[in-house]
Amino acid sequence: MKNQLNCNSGVSIKPEVFPFFDKETSTFSYVVKDPESNACAVIDPVANINYSSGNISFDGADKIIDCVKTQGLSVKWVIETHVHADDLSAAPYIQEHLGGKLGIGSNITVVQKVFANIFNASSDFQCDGSQFDCLFDDEDTYQIGGMTAYALHTPGHTPACMAHVIGDAVFVGDTLFMPDGGTARADFPGGDARTLFQSIQKILSLPSETRLFMCHDYPPGEREPECTTTIGKEREKNIHVHDGISENDFVAARKARDTTLSVPKLLLPSLQVNMRGGHLPPAEDNNKVYLKVPVNTFK
């Protein structure tokens with residue numbers, strides 16, 4: 001549902017946020033609770049895969065489920081900020097146990113078309129986002145109890161990236177990292193450093209006291225992983241996009257850094273699962289499920 005109100009209008013609402021950190025993938029997931037009711041959303045839940053055995057586990061998702069049940073909460077939404085390339089979604093597992101509608105940015109269809117071709121997805125795989133319950137366009141709104149949440153289209157890392165503004169909290173996906181971590185890479189298919197810079201400026205235009213919640217943290221040195229900062233701290237200290245950094249300087253630095261980055265360890269299984277809304281590919285004629293390794297595709 002499109003709402004023409006400025007999303008700054010909800011910053012006086014302070015949702016309660018429960019973070020969950022998956023050490024293996026350096027990923028944060030969240031339960032976000034309406035302060036006036038038991039309604040909540042789950043954001044970016046993670047499943048794990050053991051490469052050597054092929055086993056998928058849900059230890060982290062079970063912690064989220066335990067939290068929701070212990071707090072007596074009711075899940076209204078399960079939100080994916082984007083199609084993750086470094087961890088598998090546990091969204092269907094969360095829905096099975098807790099309910100809620102699954103939402104993602106409407107440009108999931110762009111991502112699906114690219115990777116359906118790369119992985120030669122079966123002929124019945126639909127590249128229309130129908131694996132999700134809701135596809136968000138820029139500035140679409142949805143309700144979590146009494147809170148109105150806003151989906152902001154923030155492409156650059158991927159075409160489908162969305163930041164979700166919920167009261168005074170923004171869940172930025174992979175667009176931004178902690179100030180000493182900078183920003184996300186922009187070299188995946190459909191990524192673009194200039195577009196990423198422009199998306200980040202959209203986020204940084206929010207009030208300085210707005211809380212930002214990271215999807216990942218890769219702490220330098222001896223710092224422990226952290227999940228939250230503020231708009232003001234990012235504008236002052238972010239090593240890639242602090243105030244005074246020009247768009248051209250950012251693009252040059254981002255492109256140079258991206259050439260040094262390795263392919264994420266879980267890229268291949270993650271994309272095949274996440275473009276399906278967290279579901280595995282269909283079983284083949286021997287009743288077994290396979291995740292493919294396309295050869296020489298990501299050179």
Side-chain angles (χ1 to χ4, degrees), residues 24-25 27 43-58 61 78-96 100-137 151 153-162 173-174 184-192 195 215 261-299:
E24 182 178 345
T25 62
T27 303
I43 298 180
D44 292 331
V46 174
N48 295 108
I49 184 169
N50 184 310
Y51 248 133
S52 60
S53 68
N55 289 332
I56 293 176
S57 60
F58 298 96
V78 181
I79 300 295
E80 297 287 4
T81 55
H82 62 297
V83 177
H84 304 269
D86 37 22
D87 61 83
L88 278 65
S89 170
Y93 186 80
I94 294 292
Q95 287 185 294
E96 177 185 350
K101 294 181 179 179
L102 177 58
I104 198 169
S106 59
N107 272 7
I108 177 62
T109 58
V110 177
V111 177
Q112 287 176 325
K113 289 172 184 175
V114 170
F115 291 107
N117 179 57
I118 288 175
F119 294 111
N120 194 28
S122 59
S123 58
D124 60 353
F125 176 73
Q126 300 297 312
C127 297
D128 59 2
S130 57
Q131 301 83 357
F132 300 81
D133 299 313
C134 183
L135 303 183
F136 297 115
D137 291 324
H153 188 211
T154 53
H157 175 60
T158 81
C161 286
M162 306 288 284
D174 282 10
R185 65 194 300 166
D187 60 335
F188 291 152
D192 180 79
T195 301
C215 185
L261 300 178
S262 59
V263 173
K265 176 183 176 183
L266 295 179
L267 177 76
L268 299 180
S270 295
L271 292 173
Q272 292 174 77
V273 170
N274 296 342
M275 72 179 187
R276 293 178 166 87
H279 292 282
L280 293 171
E284 299 195 7
D285 55 12
N286 62 354
N287 292 320
K288 294 185 181 296
V289 173
Y290 295 90
L291 295 171
K292 299 176 180 178
V293 179
V295 178
N296 294 333
T297 298
F298 297 98
K299 290 179 102 177

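Asp187 meets the salt bridge (charged side-chain N to carboxylate O under 4.0 Å, His left out) test with Arg185; sequence neighbours excluded. Taking Thr25 as the reference, Asp22, Thr27, Val46, Asn48, Asp87, Leu266 meet the side-chain contact (heavy atoms from CB on, under 4.5 Å) condition, with sequence neighbours excluded. Scanning for ring pair (Phe, Tyr, Trp, His ring centres under 6.0 Å) contacts around Tyr93 gives Phe58, His97, with sequence neighbours left out. Partners of Ala184 under the side-chain contact (heavy atoms from CB on, under 4.5 Å) rule, at least two apart in sequence or in another chain, are His157, Asp174, Phe177. Every side-chain contact (heavy atoms from CB on, under 4.5 Å) that Lys101 has, sequence neighbours left out, goes to Trp77, Asp133. Arg276 pairs by the salt bridge (charged side-chain N to carboxylate O under 4.0 Å, His left out) definition with nothing, not counting sequence neighbours.
The closest side-chain heavy-atom distance from Glu80 to Pro45 is below 4.5 Å. The shortest side-chain heavy-atom distance between Tyr51 and Pro269 falls under the 4.5 Å cut-off. Put simply, the side chain of Pro294 reaches to within 4.5 Å of the side chain of Leu268, judged on heavy atoms. Looking at Asp86 and Ser270, their side chains never come closer than 4.5 Å, going by heavy atoms from C-beta outward. For the pair Leu280/Val273, a side-chain contact is recorded, criterion being any heavy-atom separation below 4.5 Å from C-beta on. Ile104 places a side-chain heavy atom less than 4.5 Å from the side chain of Val83.
Between the OG1 atom in Thr81 and the CZ atom in Phe136 there is a gap of 11.5 Å [rounded to 0.5 Å]. For the atom pair CZ of Phe115 and CG of Asn274, the computed distance is 10.5 Å after rounding to the nearest 0.5 Å. Interatomic distance, Leu135 CG to Met162 CE, rounded to the nearest 0.5 Å: 10.0 Å. Thr158 OG1 to Asp192 CG: the interatomic distance, rounded to the nearest 0.5 Å, is 12.0 Å. In this structure, Gln272 CD and Leu267 CG are separated by 9.5 Å, a value rounded to the nearest 0.5 Å. Considering CG of Asn50 and CD1 of Ile56, their distance stands at 10.5 Å, rounded to 0.5 Å.
Partner of Val114 under the side chain to side chain contact (heavy atoms under 4.5 Å, CB included) criterion, chosen from Val111, Asn117, Ile118: Ile118.
When all heavy atoms of Gly129 and Gln112 are compared, the closest pair comes out as N-OE1, 3.0 Å. Of all heavy-atom pairs spanning Leu271 and His84, the tightest one is CD2-O, 4.0 Å. The minimum heavy-atom distance between Gly277 and Ala91, with the atom names listed, is O-CB, 4.2 Å. Smallest separation of non-hydrogen atoms from Cys215 and Gly173: CB-O, 3.1 Å.
Side-chain polar atoms of Asp137 and Ser106 form a donor-acceptor pair below 3.5 angstrom.
Remark: the backbone N or O of Pro159 is not paired with any side-chain donor or acceptor of His82 at under 3.5 angstrom.
Summarising the local packing, NZ of Lys292 is surrounded by more than 12 heavy atoms from other residues, nucleotides or ligands at distances under 6.0 Å.
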